[in-house]
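In this chain, residues are counted from 1 in sequence order. The shown structure was predicted, so the numbers you read here are calculated from the model rather than taken from an experiment.
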Amino acid sequence: MSLLTDLINLNLSETTEKIIAEYIWIGGSGMDIRCKARTLPGPVTDVKKLPKWNYDGSSTGQAPGEDSEVIIYPQAIFKDPFRRGNNILVVCDAYTPGGEPIPTNKRHAAAQIFSDPKVAAEVPWYGLEQEYTLLQKDVKWPLGWPIGGFPGPQGPYYCSIGADKSFGRDIVDAHYKACLYAGINISGINGEVMPGQWEFQVGPSVGISAGDELWVARYILERITEIAGVVVSFDPKPIQGDWNGAGCHTNYSTKSMREEGGYEIIKKAIEKLGLRHKEHIAAYGEGNERRLTGRHETADINTFLWGVANRGASIRVGRDTEKEGKGYFEDRRPASNMDPYVVTSMIADTTILWKP
């Protein structure tokens with residue numbers, strides 16, 4: 001008699017050319033990832049050869065019940081680390097039956113900015129530092145924390161090892177390898193300052209692919225925590241008090257910034273970001289005011305400042321960038337629950353296209 005794990009791990013290629021494509025899209029809250037699977041007659045590597053599909057938008061908060069059909073357009077393909085073989089994950093965005101992007105489709109507007117010739121010529125690179133917190137399923141309290149109580153103060157947990165300091169490493173390592181398998185450009189992981197909190201980094205990725213890769217990495221993480229019976233939280237301040245919040249620091253450079261004389265381009269870009277500070281903050285994630293307090297390695301939400309190697313600034317420039325006169329900078333304002341399509345395209349728009 002087969003075990004359930006045997007059936008889950010069946011190698012379909014031994015008996016059929018058919019594959020399973022898991023279509024992934026973003027629901028009405030802007031952070032709820034939805035998915036459903038369909039059978040395709042054979043392997044697919046070109047996203048343009050994938051069929052459009054539909055779903056019930058009234059059940060995701062994206063359409064009324066009397067006109068509930070929403071159409072999803074395949075936009076990017078990744079290998080499926082759960083089913084493996086030729087099976088795939090498909091990133092989609094959502095449209096009305098008439099072909100108009102629905103209001104919660106943030107990818108469409110981002111793709112328009114990234115396809116602008118001026119932006120494309122600058123080949124914008126992004127490195128996204130996704131922080132998140134692992135919670136015990138039934139009590140919604142961080143993994144490793146005593147139920148109803150608190151661990152010792154912050155200090156020994158960042159990049160830590162040991163059963164009394166590091167909680168959830170099996171989940172984190174499984175996620176790391178699954179992302180590499182899927183083809184995501186994940187560049188690293190580390191334990192964060194608050195116990196039960198971790199970070200992974202996606203990038204450097206160019207343009208719209210940064211958003212695609214981060215959303216798929218989030219999907220994979222939610223699937224792994226589902227298997228482990230743990231809840232992942234992207235709340236920017238999951239525990240109030242003297243604990244670090246969770247952000248999604250966004251590292252950014254353009255072709256001009258990476259070439260000789262790039263430091264001057266960087267300073268001009270930062271100046272423009274300062275002029276649109278309020279607009280960026282409004283788009284950088286829900287509940288961010290609970291995190292951006294001016295404490296715990298953040299700048300105050302109402303203050304824009306930048307500095308070299310300053311983790312209490314809105315924008316941090318690395319020592320190497322200053323020394324070499326070219327490179328990248330880090331926008332430390334985005335919250336952990338930010339939409340990467342919105343944040344990456346907005347930074348490109350402000351620094352490349354916008355004229356004060």
Linked, directly or transitively: [X] and [Y] (ILVMFWY side chains, under 4.5 Å):
{"X": "Y95", "Y": "V91", "answer": "no"}
{"X": "L273", "Y": "V342", "answer": "no"}
{"X": "L353", "Y": "I270", "answer": "yes"}
{"X": "L135", "Y": "L143", "answer": "no"}
{"X": "V139", "Y": "V232", "answer": "no"}

Has [X] got a side-chain atom pairing as donor or acceptor with [Y]'s backbone, closer than 3.5 angstrom?
{"X": "R290", "Y": "K237", "result": "yes"}
{"X": "S345", "Y": "I113", "result": "no"}
{"X": "S29", "Y": "G27", "result": "no"}
{"X": "W141", "Y": "G149", "result": "yes"}
{"X": "T16", "Y": "L12", "result": "no"}
{"X": "E131", "Y": "G247", "result": "yes"}

With S256, the side-chain hydrogen bond (donor to acceptor under 3.5 Å, both in side chains) member among E122, K326, K268
E122

From the options R316, E129, R332, select the one residue that forms a side-chain hydrogen bond (donor to acceptor under 3.5 Å, both in side chains) with N251.
E129

Any side-chain heavy atom of [X] within less than 4.5 Å of one from [Y]?
{"X": "T104", "Y": "I26", "value": "no"}
{"X": "E213", "Y": "L128", "value": "no"}
{"X": "V231", "Y": "K140", "value": "yes"}
{"X": "W25", "Y": "Q62", "value": "yes"}
{"X": "I224", "Y": "F82", "value": "yes"}
{"X": "Y219", "Y": "C35", "value": "yes"}
{"X": "P124", "Y": "T344", "value": "no"}
{"X": "I88", "Y": "L50", "value": "yes"}

Around atom [atom1] of [X], are there more than 12 heavy atoms from other residues, nucleotides or ligands closer than 6.0 Å?
{"X": "I227", "atom1": "CD1", "value": "yes"}
{"X": "K18", "atom1": "NZ", "value": "no"}
{"X": "E259", "atom1": "CD", "value": "yes"}
{"X": "Y181", "atom1": "OH", "value": "yes"}
{"X": "E271", "atom1": "CD", "value": "no"}
{"X": "K36", "atom1": "NZ", "value": "yes"}

In Å, rounded to the nearest 0.5 Å, how long is the span from [atom1] of [X] to [atom2] of [Y]?
{"X": "D339", "Y": "Y341", "atom1": "CG", "atom2": "OH", "value": "7.5 Å"}
{"X": "D93", "Y": "H108", "atom1": "CG", "atom2": "NE2", "value": "8.0 Å"}
{"X": "L292", "Y": "D300", "atom1": "CG", "atom2": "CG", "value": "8.0 Å"}
{"X": "D349", "Y": "F114", "atom1": "CG", "atom2": "CZ", "value": "10.0 Å"}
{"X": "I315", "Y": "H249", "atom1": "CD1", "atom2": "NE2", "value": "10.5 Å"}
{"X": "I220", "Y": "I186", "atom1": "CD1", "atom2": "CD1", "value": "8.5 Å"}

Side chains of [Y] and [X]: any donor to acceptor distance under 3.5 Å?
{"X": "N190", "Y": "E192", "result": "yes"}
{"X": "T60", "Y": "R34", "result": "no"}
{"X": "N244", "Y": "Q154", "result": "yes"}
{"X": "E286", "Y": "N337", "result": "no"}
{"X": "N11", "Y": "R84", "result": "no"}
{"X": "D331", "Y": "Y284", "result": "yes"}
{"X": "T350", "Y": "H280", "result": "yes"}

Ring-face cation of R218 near F234 (centre distance under 6.0 Å, axis angle within 45°):
yes

May I ask you to check if K52 and Y73 form a cation-pi contact, with NZ or CZ under 6.0 angstrom from the six-membered ring centre and within 45° of the axis?
yes

Ring pair (Phe, Tyr, Trp, His ring centres under 6.0 Å) between Y157 and W198: does it pass, once the steps are laid out?
CA-CA 10 Å; Y157 309 107; W198 293 82; over 10 Å; no

For the student: nearest non-hydrogen atoms of [X] and [Y], plus distance:
{"X": "P356", "Y": "K272", "answer": "CD-CE, 4.0 Å"}
{"X": "G144", "Y": "Q136", "answer": "N-NE2, 4.2 Å"}
{"X": "P74", "Y": "C92", "answer": "CA-SG, 4.0 Å"}
{"X": "P97", "Y": "I71", "answer": "CA-CG1, 3.8 Å"}
{"X": "A348", "Y": "Y126", "answer": "CB-OH, 3.4 Å"}
{"X": "R258", "Y": "S253", "answer": "NH1-OG, 2.8 Å"}

Under the side-chain contact (heavy atoms from CB on, under 4.5 Å) rule, what do R291 and N288 come out as? Steps first, then yes or no, please.
CA-CA 5 Å; R291 168 180 160 261; N288 211 10; 2.9 Å; yes

Quick one, W243 with W145, criterion ring pair (Phe, Tyr, Trp, His ring centres under 6.0 Å). Give me CA distance, side-chain angles, the key distance, then yes/no.
CA-CA 13 Å; W243 304 97; W145 289 37; 4.7 Å; yes

side-chain contact (heavy atoms from CB on, under 4.5 Å) between E324 and Y263, worked out:
CA-CA 8 Å; E324 295 176 14; Y263 195 40; over 6 Å; no

When you look at I77 and T45, which way does the side-chain contact (heavy atoms from CB on, under 4.5 Å) test go after all the steps?
CA-CA 7 Å; I77 293 174; T45 55; 5.7 Å; no

Could you go through T133 and I239, starting from their C-alpha distance and side-chain angles, then the distance that decides it, and tell me whether this counts as side-chain contact (heavy atoms from CB on, under 4.5 Å)?
CA-CA 10 Å; T133 308; I239 304 295; over 6 Å; no

Among L221, I24, V216, side-chain contact (heavy atoms from CB on, under 4.5 Å) partner for I33:
I24

Can you confirm if the aromatic rings of Y328 and W125 lie within a centre distance of less than 6.0 Å?
no

